[in-house]
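Please read these numbers as outputs of a predicted model, since none were measured by experiment. Side-chain atoms are counted along with the backbone in the values below, which use heavy atoms only and exclude waters and symmetry mates. Starting from 1, each residue takes its place in the sequence as its number.
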Amino acid sequence: MSNNNQKQFSDRPENKVNMDVNNSEELLARSSKESESKPFVDVTEPALKKGVKTKADKKLKATGLVLAGLFVASIFFMPTSPSVNTTEEAIEALENRMSTQLPIGVRLLSKDKNLAGQDLTITHSSLPDENKIHIWDYAAEDGDYVQILVDGVAICEPFMIKNKPVVFTVPSTGEIQVLGVRDGGGGITYAVHYDVNGTTYFNGTDVGNGNLYTLIRE
């Protein structure tokens, strides 16, 4: 092989390397220019903002649930008073001061009116030795207090009568007294229902006085 051919052959790898280097430098320069021309985007920022928003949403959701629960509870435990019954039976009950038709817990007046008290004798044919009485305020819940006595002995502490009836178990025979303890205004008015004869009595009393119900089995 001649010397010229050997020299040409030996120059080829060197030329190839030079071309590769030049191409690499050109690609790097082009990539650098493209990077400079594009705006910088922080990919971590949206993720961070998303995380903060999620925590805030959870806090707001929890607060909303708590408020909703309190609202429901307030409605559930809110004291309610029955509406005033204005039927013919109610009007008749006010006149006769007793009723066998009106339901236990009926409300006849929106506010108390002074009512002269009266003692009553109740005859019945109930066989059990005990029966229940239901007592409530048939007008306004204004702070009237009474106490129940059986044959002169108190069976409970003084309590405020409300539109919701309170139930006591008493003997089927004997004397049941409803004693007036405190007048919230307008007189102490109350209703008492006796299971022995299925009758409700609408009565009134003063502080320190009471109404006597004498139970007699026929």
Side-chain angles (χ1 to χ4, degrees), residues 76-124 126 128-217:
F76 184 78
F77 292 104
M78 184 181 297
T80 58
S81 298
S83 58
V84 176
N85 191 321
T86 58
T87 61
E88 293 182 2
E89 290 81 3
I91 297 174
E92 184 178 349
L94 283 174
E95 294 176 353
N96 299 329
R97 299 180 61 171
M98 67 175 60
S99 174
T100 57
Q101 299 177 342
L102 294 175
I104 296 174
V106 65
R107 187 179 179 193
L108 301 182
L109 297 173
S110 59
K111 60 181 180 180
D112 287 1
K113 292 182 179 179
N114 284 313
L115 186 65
Q118 59 181 2
D119 297 336
L120 297 168
T121 298
I122 300 174
T123 58
H124 63 88
S126 179
D129 292 334
E130 294 182 332
N131 83 104
K132 295 183 182 299
I133 62 172
H134 311 253
I135 184 168
W136 69 95
D137 194 330
Y138 68 87
E141 293 182 353
D142 57 357
D144 293 339
Y145 278 74
V146 300
Q147 190 175 26
I148 308 301
L149 288 75
V150 174
D151 294 331
V153 179
I155 63 171
C156 67
E157 296 295 325
F159 64 94
M160 177 181 170
I161 51 175
K162 300 182 178 182
N163 295 145
K164 183 179 180 180
V166 178
V167 183
F168 295 95
T169 299
V170 298
S172 296
T173 58
E175 293 182 343
I176 312 299
Q177 186 179 24
V178 179
L179 178 66
V181 176
R182 177 183 175 185
D183 184 357
I188 301 175
T189 56
Y190 69 91
V192 57
H193 178 90
Y194 283 84
D195 284 356
V196 289
N197 64 349
T199 303
T200 299
Y201 301 93
F202 302 94
N203 217 334
T205 187
D206 299 321
V207 176
N209 296 320
N211 307 128
L212 195 64
Y213 300 85
T214 304
L215 304 179
I216 300 175
R217 181 184 288 114

Testing the basics here: between Arg217 and Ser172, what is the closest heavy-atom pair and its distance to 0.1 Å? NH2-CB, 3.6 Å

Member of His124, His134, Lys132 meeting the side chain to side chain donor-acceptor pair (under 3.5 Å) criterion with Asp195: His134

Scanning both residues in full, the closest heavy-atom pair of Pro165 with Gly105 reads CG-CA, 3.7 Å

Could you measure the distance from the CD atom of Gln101 to the OG1 atom of Thr199? Nearest 0.5 Å is fine. 10.5 Å

Scan Val150, Leu215, Asp129, Asn131 and name whichever one has a side-chain contact (heavy atoms from CB on, under 4.5 Å) with Pro171. Val150

Considering all heavy atoms, the nearest Val106-Trp136 contact: O-NE1, 2.8 Å

Rounded to the nearest 0.5 Å, what separation is found between the OG1 atom of Thr173 and the CG atom of Asp151? 8.0 Å

4.5 Å side-chain heavy-atom contact, Ile148 and Ile135: yes

Residues that Tyr145 engages under side chain to side chain contact (heavy atoms under 4.5 Å, CB included), provided they are two or more places apart: Met160, Val181, Arg182

Closer than 3.5 angstrom, by distance alone: can the side chain of Glu175 be matched with the main-chain N or O of Thr214 as a donor-acceptor pair? no

Any donor and acceptor pair, going by atom type alone, linking the side chain of Asp112 with main-chain N or O of Ala140 inside 3.5 Å? yes

Can you confirm whether Asn197 sits close enough to Ser126 that some side-chain heavy atom of one is under 4.5 Å from a side-chain heavy atom of the other? no

Inter-residue atom distance Leu212.CG - Ile176.CD1, 0.5 Å rounding: 8.5 Å

For the residue pair Leu102 and Thr200, establish whether any side-chain heavy-atom pair is separated by less than 4.5 Å. no

Partner of Leu109 under side-chain contact (heavy atoms from CB on, under 4.5 Å), chosen from Leu94, Leu115, Asp137, Thr189: Leu94

Step by step, would you call Val84 with Leu108 a side-chain contact (heavy atoms from CB on, under 4.5 Å)? CA-CA 5 Å; Val84 176; Leu108 301 182; 5.7 Å; no

Using modelled atom types only, decide if a donor and an acceptor are shared between the side chain of Asn96 and the backbone of Met98 within a distance under 3.5 Å. no

Asn211 side chain reached by Tyr190 side chain, heavy atoms, under 4.5 Å: yes

Which atom names give the shortest non-hydrogen contact between Tyr138 and Asn203, and what distance separates them? CE2-O, 4.0 Å

Ile155: which of Thr169, Val170, Leu149 passes side-chain contact (heavy atoms from CB on, under 4.5 Å): Val170

For Gly185 versus Asp142, what's the shortest heavy-atom pair and its separation? O-OD2, 2.7 Å

Backbone N/O of Ile161 and side chain of Asp144: donor-acceptor pair under 3.5 Å: no

Run Ile122 and Ile216 through side-chain contact (heavy atoms from CB on, under 4.5 Å) and show every step you take. CA-CA 6 Å; Ile122 300 174; Ile216 300 175; over 6 Å; no

For the pair Tyr213 and Tyr201, name the ring-plane relationship: parallel under 30°, tilted 30 to 60°, perpendicular over 60°. tilted

Hey, are the side chains of Ile188 and Val207 touching, using non-hydrogen atoms and a 4.5 Å cut-off? yes

Would you name the heavy atoms of Glu141 and Lys164 that are closest together and state the gap between them? OE2-N, 4.3 Å

